[in-house]
Amino acid sequence: MRTISPSDLMPFLALARHRSFRRAADEMGCTPSALSHALKSLEERLDLRLFNRTTRSVALTEAGERLLARLAPAFQDIDAALDDLNSLRGAPVGRLRFNAARVSAKIALLPIVTKFLERYPEITVEIVVENDLVDMVSEGFDAGIRFGEVIAQDMIAIPIGPRQRSAIVAAPALFERYPKPTVPEHLKGLPCLGLRFASGRLYAWEFERGGVELSVEVSGPLIVGDQDMMVDAALLGTGIAYAFEEQVEAHIREGRLVRVLEDWCPYYGGFYLYYPSRRQMPAALRAFVDFVRTSHPTE
């Protein structure tokens with residue numbers, strides 16, 4: 001086997017992270033065809049196929065999986081060693097990649113990122129909006145934003161952003177045709193908008209008052225996979241929506257939406273920034289974690 005240098009492995013690692021020639025090529029700063037040629041050359045020199053490619057997907061072969069398992073920790077150590085030099089600079093530099101669901105990116109992450117970048121202009125932040133939970137390490141993310149209950153036990157998590165509160169809303173015209181619910185159980189007879197997770201599970205609306213917790217399986221004319229779309233459908237009069245208060249407060253204030261069951265919607269702990277435990281945290285991520293802890297109150 002001809003000698004293979006670490007630089008020859010970078011296209012493999014990029015494609016293993018993204019599973020997309022276009023996105024991997026963007027990261028490498030080359031064209032997809034150039035990336036494909038580099039990978040083909042690597043496979044020929046190894047005399048092994050590393051990826052199974054179709055017109056719709058890219059997947060690691062068994063050989064590719066084994067190579068990635070050995071290379072990923074080694075290259076992370078290299079990145080950490082280079083990043084450690086940031087401590088000798090006046091301010092950290094580098095790139096941060098965050099993974100977040102659309103609503104958490106909009107409500108919790110983006111407002112603090114914009115302030116963070118004002119303080120650290122030499123850091124570049126990429127926010128990838130993805131409602132599915134992903135393997136952050138293998139996908140090349142530094143951190144993610146989710147609710148605390150869905151974060152894996154082996155992750156470090158800290159609160160980010162203010163407390164959250166849900167809001168049950170509908171267009172005023174809808175409540176001209178249907179009675180306003182006064183208890184959550186009344187929703188079962190009303191046209192409610194469904195939210196389906198990427199796993200296929202329909203979300204059961206959650207309520208709490210005076211220590212009493214309720215979960216209501218609603219039904220109605222429309223099911224969506226995104227809470228912003230649910231709010232849009234409510235504005236069009238299609239049904240009743242379950243949203244975050246921050247998503248709809250302007251619509252309520254301006255009379256486009258009417259709120260009900262407010263006394264069944266208490267405040268609760270909001271979103272969490274989570275990241276894997278590492279021997280050496282990248283300087284840019286350390287700066288962001290410190291910024292979240294000291295500059296952005298959670299109350």
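Side chains included, hydrogens not; waters and symmetry mates left out as well; all remaining heavy atoms used. These numbers come from a predicted model, not from an experiment.
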Which atom pairs, donor and acceptor, lie under 3.5 Å between side-chain atoms of residues 238-246 and protein residues at least two apart or in another chain?
from	atom 1	to	atom 2	distance (Å)
T238	OG1	A233	O	3.3
Y242	OH	Y203	OH	3.4
Y242	OH	E206	O	3.0
E245	OE2	R165	NH1	3.3
E245	OE2	R259	NH1	2.7
E245	OE2	R259	NH2	3.4

Reported CZ-to-CG distance for the pair R53 and L39, which is rounded to 0.5 angstrom = 6.0 Å
So, does E43 use its side chain to make a donor-acceptor pair with the main chain of L50 at under 3.5 Å?
-> yes
With sequence neighbours left out, write down each residue that passes side chain to side chain contact (heavy atoms under 4.5 Å, CB included) with L117, or none if nothing qualifies.
-> V113, V125
Hey, can you tell me if F288 and F98 have their rings parallel, tilted or perpendicular (30° and 60° cut-offs)?
-> tilted
Would V258 and L236 show up in the same hydrophobic cluster when neighbours are defined by side-chain heavy atoms closer than 4.5 Å?
-> no
Would you confirm whether E44, through its side chain, and D47, through its main-chain N or O, come within 3.5 Å as a donor-acceptor pair?
-> no
Please test D8 against R45 for side chain to side chain contact (heavy atoms under 4.5 Å, CB included), starting from the C-alpha separation and ending with a verdict.
-> CA-CA 11 Å; D8 295 328; R45 292 158 71 184; 3.2 Å; yes
Could you walk me through whether E217 and L202 pass the side chain to side chain contact (heavy atoms under 4.5 Å, CB included) test, one step at a time?
-> CA-CA 8 Å; E217 295 184 1; L202 276 171; over 6 Å; no
Selection residues 186-197 - residue pairs positive for side chain to side chain donor-acceptor pair (under 3.5 Å), sequence neighbours left out | T182-H186
For the student: nearest non-hydrogen atoms of F21 and P32, plus distance | CD2-O, 4.1 Å
Hey, is R97 close enough to E126 for a salt bridge, meaning N to O under 4.0 Å?
-> yes
All heavy atoms of A167 vs all of V248, minimum pair found to be CB-CG2, 3.8 Å
For the atom pair CG (N52) and CG (L60), what is the distance rounded to the nearest 0.5 Å?
-> 9.0 Å
Show the numbers, then the answer: is there a side chain to side chain contact (heavy atoms under 4.5 Å, CB included) between I168 and W205?
-> CA-CA 10 Å; I168 313 303; W205 295 9; 4.1 Å; yes
State yes or no: do I107 and F291 share one hydrophobic cluster built from I, L, V, M, F, W and Y residues joined by side-chain heavy-atom distances below 4.5 Å, directly or via other members?
-> yes
Near E65 CD, under 6.0 Å, is it more than 12 heavy atoms from other residues, nucleotides or ligands?
-> yes
State, with a plain yes or no, whether a side-chain heavy atom of R146 is found less than 4.5 Å away from one of Y274.
-> yes
Got E185 and V216 here, is their nearest side-chain heavy-atom distance under 4.5 Å?
-> no
Report the residue from L193, V224, L222 that forms a side-chain contact (heavy atoms from CB on, under 4.5 Å) with M229.
-> V224
Give a yes or no on whether R209 atom CZ has more than 12 heavy-atom contacts from other residues, nucleotides or ligands under 6.0 Å away.
-> yes
Approximate separation, where rounding is to 0.5 Å, of F271 CZ and L109 CG | 10.5 Å
Could you go step by step and tell me if D290 and R286 meet the salt bridge (charged side-chain N to carboxylate O under 4.0 Å, His left out) rule?
-> CA-CA 6 Å; D290 290 343; R286 187 186 307 115; 6.0 Å; no
Roughly how far, to the nearest 0.5 Å, is the OG atom of S104 from the CG atom of L110?
-> 11.0 Å
E62 atom CD, over 12 foreign heavy atoms within 6.0 Å = no
A34: side chain to side chain contact (heavy atoms under 4.5 Å, CB included) partners, not counting sequence neighbours = C30, T31
Could you go step by step and tell me if R95 and I123 meet the side chain to side chain contact (heavy atoms under 4.5 Å, CB included) rule?
-> CA-CA 6 Å; R95 182 184 182 91; I123 293 177; over 6 Å; no
Of all residues at least two apart in sequence or in a different chain, which pass the salt bridge (charged side-chain N to carboxylate O under 4.0 Å, His left out) check with R102?
-> D226
Listed pairs under 3.5 Å, donor-acceptor, residues 170-178 side chains, sequence neighbours left out:
none

Spacing of CZ belonging to R163 relative to OH belonging to Y267, to within rounding of 0.5 Å | 6.5 Å
